[in-house]
2 protein chains.
Amino acid sequence: MPVILRPEELTLKTWVQFARTFTRMARRLDQALETHGLSVPQFDILATLGFQEGITQQELAQRLLVTKGNICGMIDRMEANGWVERRPDPEDRRANRLFLTDEGRKLLGRAMPDQQLLLGRIFDALKEGEKQLLYQFMGRLEDAVEG
Amino acid sequence: MPVILRPEELTLKTWVQFARTFTRMARRLDQALETHGLSVPQFDILATLGFQEGITQQELAQRLLVTKGNICGMIDRMEANGWVERRPDPEDRRANRLFLTDEGRKLLGRAMPDQQLLLGRIFDALKEGEKQLLYQFMGRLEDAVEG
DNA sequence: TATTGTTATACTCTATAACTATA
DNA sequence: TATAGTTATAGAGTATAACAATA
């Protein structure tokens, strides 16, 4: 039975529940990633490169909403682990293009199905149309954030 | 015009958008809290105590989904700032009961309206019924997280 | 024995800012 | 001048685990 909230308290409570749900889901996903020796930000980088290789560090930073200094350190560690590779951009000698190594691709191939399975089980709580709606709501909320 | 996604990609994309929206909103709220010298976790503690004073550190930890060791350090810093107060529980000498100081209450009184204004502006992107729906979805998703 | 809180330790992610090399 | 990346630094929040006091 759905809880109905009064308008005055609805916004705040929705945000609190939003944050709570995000935290719980993120931790569950993090827990699953640990079995692969990955953190969430590292997985995000692997997944982004799996989707589109050859982007620059700057582009990666913008997609993941972090600074380039942050990405630089992340890539240092991930390159040391043999998961990703920096290749000089032949047309702009300031820039690096980022690629997955074979090992990085294999690692992503092991971790991604886990994540999808977990997400699938959780999102089973919503019907197809509800998921579409949620996706929409998220987009509208993101657009409504100023700055 | 709403974007329609194919079922196969919907779950993953919804999660990615979910995480992205949460991050953006949390940073915007954090930015506003900085003007009061507060972090998000600190605000969460003030708000929790503003809602219900006299809880123990353990109870606070459980509500905020963090460990008691974490809370202990947070309260150390916030007590040093003069925002909260530990009072020994007369009935259980192991426990502390937590209270806002006058200054903590004033600080919360300054920071909370900011946060509510910001949230109000962002959540204006959703109609009343949509907010209710989102609140519901979040509760169902949280319940679907195992562990 | 179990629980509350404390302490010590360590780690990850994050940001800022100054620096370099190129554009 | 502006941009891509690097480096150094700092800080917050988080967890784990061992410990003390009390229940």
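The structure displayed is predicted, hence computed values, not measured ones. As a basis for the values below, the full set of heavy atoms in this structure was taken, side chains included, without hydrogen atoms, waters or symmetry mates. Every chain is numbered from 1, with letters handed out A, B, ... down the list of sequences.
For B:Glu85, the salt bridge (charged side-chain N to carboxylate O under 4.0 Å, His left out) partners at least two apart in sequence or on another chain are B:Arg87. For the side chain to side chain donor-acceptor pair (under 3.5 Å) test, residues two or more places apart in sequence or in another chain that qualify with B:Glu53 are B:Arg105. For A:Asp76, the salt bridge (charged side-chain N to carboxylate O under 4.0 Å, His left out) partners at least two apart in sequence or on another chain are A:Arg86. With sequence neighbours left out, the salt bridge (charged side-chain N to carboxylate O under 4.0 Å, His left out) criterion links A:Arg20 to B:Glu142.
Hydrophobic cluster membership for B:Phe99: none, as no Ile, Leu, Val, Met, Phe, Trp or Tyr side chain comes under 4.5 Å of it. Taking Ile, Leu, Val, Met, Phe, Trp and Tyr as hydrophobic and joining them when side-chain heavy atoms fall under 4.5 Å apart, one finds B:Leu65 isolated, its cluster having no other members. If you chain together ILVMFWY residues whose side-chain heavy atoms come under 4.5 Å of each other, B:Val66 ends up grouped with B:Leu33, B:Leu38, B:Val40, B:Phe43, B:Ile45, B:Leu46, B:Leu49, B:Ile55, B:Leu60, B:Leu64, B:Ile71, B:Met74, B:Ile75, B:Met78, B:Trp83, B:Val84, B:Leu98, B:Leu100, B:Leu107, B:Leu108, B:Met112.
For the pair A:Thr21 (side chain) and B:Met138 (backbone), a donor-acceptor distance under 3.5 Å is present.
Using a 4.0 Å cut-off, no side-chain N or O of A:Thr67 falls inside it from OP1 or OP2 of C:dT14.
Non-hydrogen atoms lying under 4.0 Å from DNA chain D are contributed by B:Ser39, B:Pro41, all within residues 35-64 of chain B. Residues from residues 86-96 of chain A lying near DNA chain D, meaning a heavy-atom separation below 4.0 Å, are A:Arg86, A:Arg94, A:Ala95, A:Asn96 in numerical order.
Whole-Å rounding puts the B:Lys68 NZ to C:dT3 P distance at 9 Å. The distance from atom CG of B:Asp76 to atom P of C:dT6 is 7 Å, rounded to the nearest whole Å. Across the protein-nucleic acid pair, B:Arg77 atom CZ and C:dT6 atom P stand 13 Å apart, rounded to whole Å. Between B:Asn70 atom CG and C:dT9 atom C1' there is a gap of 14 Å when expressed in whole angstrom units. Summarising the geometry, the separation between CZ on B:Arg27 and P on C:dT14 is reported as 7 Å, rounded to the nearest angstrom. Distance, B:Met78 CE to D:dA12 C1': 14 Å, rounded to whole Å. Taking atom CG of A:Asp30 as the reference point, atom P of C:dT12 lies 12 Å away to the nearest angstrom. Atom CD1 of A:Ile75 and atom C1' of C:dC13 are 14 Å apart (whole Å).
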*Go through A:Gln58 and A:Lys68 one step at a time and tell me if the side chain to side chain contact (heavy atoms under 4.5 Å, CB included) criterion holds.*
CA-CA 6 Å; A:Gln58 188 65 265; A:Lys68 60 187 180 172; 3.7 Å; yes
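Note on B:Gly69: a base of the nucleic acid sits closer than 4.0 angstrom, heavy atoms only.
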